[in-house]
There are 2 protein chains.
Amino acid sequence: MGQARKIPVKSAAEDGGLDASLREILGYTVKRTSNILQADAAAVLDPLGLRITTFSALVVICDHPDVTQSQIAAALNMERSNTVLIIDALEEAELIGRHRVPTDRRAYALRATLEGMKTRDAAVRALSDREEILLQDLSREERATLMALLGRIKPQP
Amino acid sequence: MGQARKIPVKSAAEDGGLDASLREILGYTVKRTSNILQADAAAVLDPLGLRITTFSALVVICDHPDVTQSQIAAALNMERSNTVLIIDALEEAELIGRHRVPTDRRAYALRATLEGMKTRDAAVRALSDREEILLQDLSREERATLMALLGRIKPQP
DNA sequence: AATAATAGTTATAAAGTATAGCTAATAATT
DNA sequence: AATTATTAGCTATACTTTATAACTATTATT
């Protein structure tokens, strides 16, 4: 039996295939796809000075003026503590501003600046254009189906 | 057109919903789902002494005896350098062994131990049981559709 | 023989995620 | 009103995943 030939493992030549049984696990397949999309999105956002997390927070702030950091954390499923540096970065870049809330001196009301709005629009457009390429093999209907199915997976106790 | 309507921040009370416009971006929705599944899978694997990366490598090794680290890296879409510590961990736990390749003294032929096989089986079963719960709202057909659609998203140049 | 390419390794870093504990301010309770 | 509990933001820290550069030993190519 030995290895007379140096690569009996069919897939070495074919790049993929060794993970066949992993692909039956949804978590694996979703993560694999997520990695592809994340790497791609990061590259798209980089020239705009945004990372994925700062982009996400920026969109929420643009859509919902006067939102607080805690609300952002809840919306994006992240810890409050992790929003701090993200909001810091957006403020540093002058894409958003922290404003005081008259009725609650603990909280900040976050509002996008004009440049923040413009950056958001540019980023959304760039990502959208890029996804058009990544999803070129899927029909509109298939894309909608994919999104809908993903949306139905929720954390379980 | 401006923003005549100000979007009255409906969602502050409702916990979710603030990310509505992000959810239209596939990358965001996929990542969100991925995070849910990852956190869940990590909790399932933890009692077995596995992390997600070590589990993935273990499965590939069990399925393909004498696979090399480079092949694992290619299959799992990771850098060769990052396989080292993963394989180290599996070897340390005596779930796999590094064996020399007679024809190439640079490479290691990786083989699972008996305990490695057992651990793999237990992990796959535990993950499968858990996914059954997470996917209870999706029919068999819908799950198959989801997997197939995800499989059609590939990295683009 | 000289050069290039490959396998594994080391070191390091960036990014995302998570936990614990802190201060200040607000809300709830007695 | 005074005490207590909760909340918002923050700091520090750490772990996991992923990424890059450079190194050694070995094999392949020219």
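Residue numbers begin at 1 in each chain, while the letters A, B, ... track the order of the sequences.
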Quiz prompt | Criterion salt bridge (charged side-chain N to carboxylate O under 4.0 Å, His left out) on Arg143(B) and Glu24(A), from CA distance to verdict | solution = CA-CA 10 Å; Arg143(B) 297 178 205 188; Glu24(A) 294 169 17; over 6 Å; no
Checklist line | Earlier contact from the 5' end, DNA chain C, for Val101(A) and Thr54(A) | finding: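 Closest to the 5' end, via its nearest nucleotide, is Thr54(A).
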**Report entry** Residue mapping more 5' on DNA chain C - nearest nucleotide basis, Ile87(B) or Ser81(A)
**Finding:**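 First, find each residue's nearest nucleotide; the 5'-ward one identifies Ile87(B).
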Practice task
Could you check Ile72(B), Asp66(B), Thr68(B) and say which one makes a side chain to side chain contact (heavy atoms under 4.5 Å, CB included) with Leu110(B)?
Solution key: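 Single side chain to side chain contact (heavy atoms under 4.5 Å, CB included) partner of Leu110(B) among Ile72(B), Asp66(B), Thr68(B): Ile72(B).
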Is the shortest side-chain N/O distance from [X] to OP1 or OP2 of [N] below 4.0 Å?
X	N	result
Arg98(A)	dC10(D)	yes
Asn35(B)	dT17(C)	yes
Lys31(A)	dT18(D)	yes
Thr68(A)	dA8(D)	no

Under 4.0 Å, heavy atoms only, any strand: does [X] hit a base, just the sugar-phosphate, or nothing?
X	value
Glu79(A)	base
Ser70(A)	sugar-phosphate
Arg80(B)	base
Ile52(A)	sugar-phosphate
Thr83(B)	nothing
Asp104(B)	sugar-phosphate

According to a hydrophobic-cluster definition based on side-chain heavy atoms being under 4.5 Å apart (Ile, Leu, Val, Met, Phe, Trp, Tyr only), do Ile25(A) and Leu146(B) belong together?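 Unlinked, Ile25(A) and Leu146(B) end up in two clusters.
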Student check: side-chain heavy atoms of Asp19(B) and Arg32(B) closer than 4.5 Å: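 Yes, close enough: below the 4.5 Å cut-off.
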Rounded distance in Å - [atom1] ([X]) to [atom2] ([N]):
X	N	atom1	atom2	value
Gln38(B)	dA18(C)	CD	P	11 Å
His99(B)	dG8(C)	NE2	P	14 Å
Leu50(B)	dT17(D)	CG	P	11 Å
Leu85(B)	dT12(C)	CG	P	13 Å
Ile86(B)	dA19(D)	CD1	C1'	13 Å
Arg105(B)	dT9(C)	CZ	C1'	18 Å
Gln69(A)	dT7(D)	CD	P	17 Å
Tyr108(A)	dC10(D)	OH	P	5 Å

Give a yes or no on whether a salt bridge exists between Glu132(B) and Arg140(B), defined as a side-chain N under 4.0 angstrom from a carboxylate O.
->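 Arg140(B) and Glu132(B): salt-bridged.
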(Q) Counting distance alone, no hydrogens or angles: does the base of dT6(C) have a donor or acceptor under 3.5 Å from a partner atom on the side chain of Arg106(B)? (A)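 Such a pair is found, so the answer is yes.
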### Task
Indicate yes or no for a side-chain donor-acceptor contact from Glu131(A) to the backbone of Gly27(B) under 3.5 Å, with no hydrogens or angles considered.
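Flag set: sc Glu131(A) to bb Gly27(B) pair under 3.5 Å.
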Check your understanding: Between dT18(D), dA18(C), dA15(C), which one does the side chain of Arg51(A) approach most closely?
Key ->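 Selected nucleotide: dA15(C).
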